[in-house]
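Worksheet for the structure shown next.
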Amino acid sequence: MRLLFLGDVVGRSGRAVVANLLPGLIERHRYDFVVVNGENAAGGFGITEETFLALINAGADCVTTGNHVWDQREALSFADRHDRFLRPVNYPRGTPGRGANVYAARNGARILVVNVMGQIFMPPLDDPFQAVTRELSACAIGNGCDGVVIDMHGEASSEKQTMAYYLDGKASLVIGTHTHVPTADWRILAGGTAFMTDVGMCGDYDSVIGMEKDEPLRRATTKIPSARFGPALGPGTISGLAVEIDDATGLARRVAPLRIGPGLPPAEPDFGETG
Ligand SMILES: [Fe+2]
Ligand SMILES: [Fe+2]
C-alpha cells in the first residue's frame, strides 16, 4: 500500500499547487491513500468548507488541521458534517468535529488517521500521549485497522520525535506538521514506523513560513505591527512524504520525500511497480 502525506497547505498558492499536481501524482504513483494538512488553506489562517472541499476534490482522503483550525469560524459548524475533516484529538471534550477516524483506502485497507497537537510552545491541550494511546487502544493495526497515520502538529522537534518513538511499531507513519519547513530526517524507525520531524508546507517558499515577508521584516526590525500577515502569493511548492507500507504488517517498507516547485530541491519518489 502506498500513502502520501502533504504538509500544511498555505493560502491560494498552496491550494493551487495541490490542485494542479496531486491528481497526476496519485495517478502516476498509485497512492492508495492521501492525507493533507489544511490548517492554513484559507488565506493562510484556518480553513473554509469551500477550501476543504477543494482539497478533497484534488484527491485528499482526509484533511487534518492544527492550532489554526478555528481561525475561520465556519469550521466550527462544518466540522461535524464532514467525516474526512479532522481537528486535533486532544481538544477538550465537547469540541466540534472529530480528531480521529478510520477510512477505506483505494486498495481496500482500513486506515486510522489521528490528528494530535503537541503542548510545547503551543496552546496547551490535553496530554497528546494519552490521547493517542486512547485512540490506538480502540483501533490498532491488525485489530480494527490495517494502517495508522499520526499527524503530530507541534512546534518542538523534540516533542515530535518523542511521539514517534512512543508509537514506534504501532503506527505506519508519525509525521510532524506546523513549522512549515521540511526536515531532512525522513526514515523508518527500528520498530517499523516511518517518521519525519516536519513535512514542510505546500505554498510559496519565497516567504516567511508561507506569509508575505514585508510585514514580518517590518515587525522584526521596528517592533510595531503595521499590517496584517497575509499569505505569499508566488508560485507554490508541494512538500510531502511518500510511504510504502507492508500490507501484512501495516508497517513502513520505504519512505521518501516529495518536493516539486521553485522553493525546494526537487524530489519525486519512485517506488516502481506495486510491490
Ligand atoms: Fe500550519
Ligand atoms: Fe499550526
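Owing to the predicted nature of the structure, the values given are computational and were not obtained by experimental measurement. Just so you know, ligand 1 is whichever comes first in the structure, and atom 1 is the first atom listed for that ligand.
- Here Pro235 pairs with Pro262 under the side-chain contact (heavy atoms from CB on, under 4.5 Å) rule; sequence neighbours left out.
- Screening residues 70-87 for salt bridge (charged side-chain N to carboxylate O under 4.0 Å, His left out) gives Glu49-Arg81 as the qualifying pairs, with residues at least two apart or on separate chains.
- Between the Thr162 side chain and the Ser158 main chain, a donor and an acceptor come within less than 3.5 Å of each other.
- The number of protein N/O/S atoms found under 2.8 Å from the Fe ion (ligand 1) is 4.
- Here Val114 pairs with Val89, Ala100, Leu112, Val132, Glu135, Ile150 under the side-chain contact (heavy atoms from CB on, under 4.5 Å) rule; sequence neighbours left out.
- Cation-pi contact between Arg259 and Tyr205: absent, since separation from the ring centre below 6.0 Å together with deviation from the ring axis within 45° is not met.
- Of the candidates Asp61, Thr64, Val63, Asn101, Val113 forms a side chain to side chain contact (heavy atoms under 4.5 Å, CB included) with just one, namely Thr64.
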